[in-house]
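So you know, we letter chains A, B, ... as the sequences are listed, proteins then strands, and number each from 1. Everything quoted here is computed from the prediction, not taken from an experiment.
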Number of protein chains: 2
Amino acid sequence: MLKDPQHELLVDIRKQMALYSVSTISELSKVTHVSFPTIKKMIDDMIVRGEVIEHGQKAPEGGRPAKSYGYNPEFRHCLTLYIEAREIRYRLIDCQHQIVEDGVSLITDSHLEALGELVDPFIEDKTKIGAISVGVAAAVDMGRIVFAPEYPSLAHLDLKHWLMERTGLPVVIENDMNAAVYGFSKRDETTTHQSIVYLGLGKNGPGAGILFDGHVARGQSGFSGEVSFLPLYDDASFYDRIKDKPYGPNVLKKEEIDALGRLVATFAATLNPHAFIFSDVDLVQEDLLRINRACERYLPSRHIPVLRIGQWEEDYFSGLARLGIELTLETIQRGDV
Amino acid sequence: MLKDPQHELLVDIRKQMALYSVSTISELSKVTHVSFPTIKKMIDDMIVRGEVIEHGQKAPEGGRPAKSYGYNPEFRHCLTLYIEAREIRYRLIDCQHQIVEDGVSLITDSHLEALGELVDPFIEDKTKIGAISVGVAAAVDMGRIVFAPEYPSLAHLDLKHWLMERTGLPVVIENDMNAAVYGFSKRDETTTHQSIVYLGLGKNGPGAGILFDGHVARGQSGFSGEVSFLPLYDDASFYDRIKDKPYGPNVLKKEEIDALGRLVATFAATLNPHAFIFSDVDLVQEDLLRINRACERYLPSRHIPVLRIGQWEEDYFSGLARLGIELTLETIQRGDV
DNA sequence: ATGACTTATTAAAATATTTTAAAAAGTAGA
DNA sequence: TCTACTTTTTAAAATATTTTAATAAGTCAT
């Protein structure tokens with residue numbers, strides 16, 4: 001079967017409009033490498049179906065002012081949520097990341113029942129949901145939970161398939177650190193196409209999300225970013241030196257700083273990423289300089305990535321939002337209203 | 001300016017024919033996702049220009065046998081070479097990796113002069129060379145040598161630009177480990193789209209080439225794969241534990257095995273690659289099992305990459321060949337004969 | 001050998017896309 | 001205000017690509 005070039009172009013136009021606010025036909029023509037008349041036809045069709053709204057004119061820049069178009073935020077919504085040990089946090093958003101509704105659902109019985117009961121009302125609702133994205137603190141392979149210390153009841157479950165069956169909607173399942181690093185890179189445009197690492201120390205041990213040139217690294221066995229196991233000392237791993245740190249952001253002890261400096265050095269001498277992100281639930285700004293100094297003991301400073309502190313919950317939700325919106329925009333069918 | 005879809009299709013057809021031996025129009029139509037008649041027109045044109053040769057018929061598989069076409073190995077050649085401390089090894093190849101001519105050129109004076117004198121005769125020759133690929137034991141950024149312990153005279157030189165000026169041909173410059181890992185992945189089809197690491201212990205210290213989902217990792221500052229600096233012990237780096245190893249393949253000492261086991265563990269717990277390749281100039285087959293056992297001390301064995309021994313010179317040349325051929329096929333202009 | 005089936009090729013018609021040229025709608029300066 | 005200039009939009013013509021149908025060339029079972 002041949003691929004449908006029109007569908008790919010349509011998806012590209014949607015993403016440019018909804019995700020990057022490209023609003024004129026000229027601009028769309030440039031970024032998609034497709035001619036003006038072709039874009040115009042697509043947009044006209046999208047206006048008829050209610051997917052695109054015609055705004056006024058753009059401020060002119062020396063010539064005839066361009067008409068401005070925008071992606072209709074009401075056309076599709078997207079349900080994003082993440083599952084923790086005892087609660088599920090969710091946000092219903094539009095395709096421009098705006099929150100329509102949000103909340104928390106406590107888990108009383110099984111994780112799966114709680115998830116089902118949270119999702120059902122959204123499906124019955126007349127609101128048009130295009131896709132669901134789910135974050136889990138577990139290793140995920142093709143939508144299947146392969147290792148889940150935080151909620152053993154979900155282990156080995158094909159969560160993606162289960163949720164698709166229950167809702168009839170496209171579903172994407174992602175690991176928490178992978179979602180966070182993806183979300184961070186999309187929130188901060190300077191890092192979008194770079195290689196970055198996002199470290200979370202977590203309640204059940206540390207983990208890292210790794211982005212390579214903007215693509216999430218999953219690894220051969222879903223083990224990528226399991227930095228606990230790094231042999232950084234004669235008789236101790238990274239985890240050994242970090243496991244006694246009290247939960248929450250605080251000023252770190254000297255040996256914790258050294259362990260983190262070695263961790264950064266390890267990435268600098270292998271992947272050599274542009275940025276290394278720590279989480280605001282783990283440490284505070286003043287720790288960064290100390291970590292940087294610790295890292296300088298191991299390699300020249302110009303190879304050390306930029307050290308930053310990310311906003312964990314926002315980055316996590318951003319990654320899920322992005323994944324959900326992309327899936328929504330990719331799965332709208334030709335002719336859908 | 002719009003991109004030229006016809007040119008991209010043409011390049012795709014060339015690569016499928018020359019690099020993957022796709023020989024019938026039906027197959028080309030499938031792999032390129034372009035219709036049969038369109039491919040047919042392109043092929044007819046390529047035959048007229050001498051770029052493609054019509055062979056006989058393919059063995060039929062139940063229906064009308066397909067005509068078989070092949071990329072003309074005489075249409076363009078490609079010069080590949082790598083620069084070492086005291087010599088330059090070169091191979092003139094066709095677009096199907098076949099060696100047309102090879103040799104070694106000793107460096108008496110400066111590296112640059114030797115390179116120029118080696119290249120010049122090939123340019124004057126009537127043989128049609130499509131591109132030149134050059135391997136160096138140095139950090140390369142956009143064709144510029146940024147760090148070169150092995151040949152200081154080339155440091156900070158824009159070698160790509162220099163060679164393009166001198167020859168008027170497209171040129172690609174690549175780091176030795178990057179070329180080797182790329183070459184290995186193309187020679188071994190099972191690893192082509194995987195993540196793999198290729199380690200060379202080298203004369204001037206170790207270095208690794210890293211492939212992520214088939215793409216070479218270059219890093220933020222060209223420092224990727226500089227594993228010398230890895231802090232693997234309380235007071236010692238990877239380099240400290242490996243630097244006294246005698247040059248050449250031999251059975252390793254216990255502490256060298258441990259250092260390599262830790263190195264493999266470091267990659268397994270970060271990138272989690274499919275395979276980890278050692279070089280046949282550094283160690284022998286029986287070392288691999290020992291390294292694997294050493295690695296098992298640090299993490300569960302199912303996450304350890306497959307350990308293998310590569311053929312250094314062949315892998316290096318293969319990577320350069322591949323880069324050169326790709327560049328050749330990409331830069332043939334419409335209408336060239 | 002014949003007919004049913006399979007796959008490849010060719011030719012013609014239908015679509016889709018780009019290119020070109022002309023018209024429209026603004027700014028800026030004389 | 002008029003003219004020159006710039007950029008967007010529209011319309012028409014030229015290209016490129018795909019789809020459909022018809023034809024060609026083989027295999028296999030009977």
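- Of the candidates D/dT9, C/dA8, C/dT17, the closest approach to any side-chain atom of A/Gln6 belongs to C/dT17.
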Verdict with reasoning, B/Thr24 to B/Tyr69, per side-chain contact (heavy atoms from CB on, under 4.5 Å)
CA-CA 6 Å; B/Thr24 73; B/Tyr69 303 86; 5.8 Å; no
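- The nearest whole Å value for the distance from the NZ atom in A/Lys67 to the P atom in C/dG26 is 12 Å.
- Taking only side-chain atoms of B/Phe36, from C-beta outward, the nucleotide of D/dT9, C/dT10, D/dT18 with the closest atom is C/dT10.
- Distance CD1 (B/Ile39) to C1' (C/dT10): 16 Å, rounded to an integer number of Å.
- For A/Pro37, the side-chain contact (heavy atoms from CB on, under 4.5 Å) test picks out A/Ser35, with sequence neighbours left out.
- Rounded to whole Å, the distance from NE2 on A/His7 to C1' on C/dA16 is 17 Å.
- Of the side-chain N and O atoms in B/Thr38, one or more sit less than 4.0 angstrom from OP1 or OP2 of D/dT18.
- One interatomic measurement links the two molecules: CG of A/Asp44 to P of D/dT10, which rounds to 8 Å at whole-angstrom precision.
- In this view, B/Arg91 and B/Glu314 satisfy the side chain to side chain donor-acceptor pair (under 3.5 Å) rule, not counting sequence neighbours.
- Screening residues 158-173 of chain B for side-chain hydrogen bond (donor to acceptor under 3.5 Å, both in side chains) gives B/Asp120-B/Arg166 as the qualifying pairs, with residues at least two apart or on separate chains.
- The residue among B/Lys41 and A/Thr24 whose nearest nucleotide of DNA chain D lies closer to the 5′ end is A/Thr24.
- For the pair A/Asp45 CG and C/dT17 C1', the interatomic distance rounds to 16 Å; values are reported in whole Å.
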Return the polar atom pairs (N/O with N/O) between nucleotides 5-7 of chain D and the protein under 3.5 Å, or none.
from, atom 1, to, atom 2, distance (Å)
D/dT7, O2, A/Arg64, N, 3.0

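- Annotation: side-chain contact (heavy atoms from CB on, under 4.5 Å) contacts of A/His274 (sequence neighbours excluded): A/Gln194, A/Ser195, B/Gln220.
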Checking side-chain contact (heavy atoms from CB on, under 4.5 Å) for the pair B/Glu8/B/Glu330: CA distance, chi angles, key distance, verdict?
CA-CA 8 Å; B/Glu8 288 190 12; B/Glu330 284 161 7; over 6 Å; no
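- For the pair A/Leu28 CG and C/dT17 P, the computed distance is 15 Å after rounding to whole Å.
- A/His33 places its NE2 atom 13 Å from the P atom of C/dT19, with the value rounded to the nearest Å.
- OP1 or OP2 of D/dT10 has at least one side-chain nitrogen or oxygen of A/Lys40 nearer than 4.0 Å.
- Where A/Pro37 and B/Ile25 meet DNA chain C, the nucleotide closest to each residue was compared, and B/Ile25 sits on the side nearer the 5' end.
- Partners of B/His55 according to the side-chain contact (heavy atoms from CB on, under 4.5 Å) rule, which considers only residues two or more places apart in sequence or in another chain, are B/Ile53, B/Ser68.
- The distance from atom NZ of B/Lys30 to atom C1' of C/dT7 is 9 Å, rounded to the nearest whole Å.
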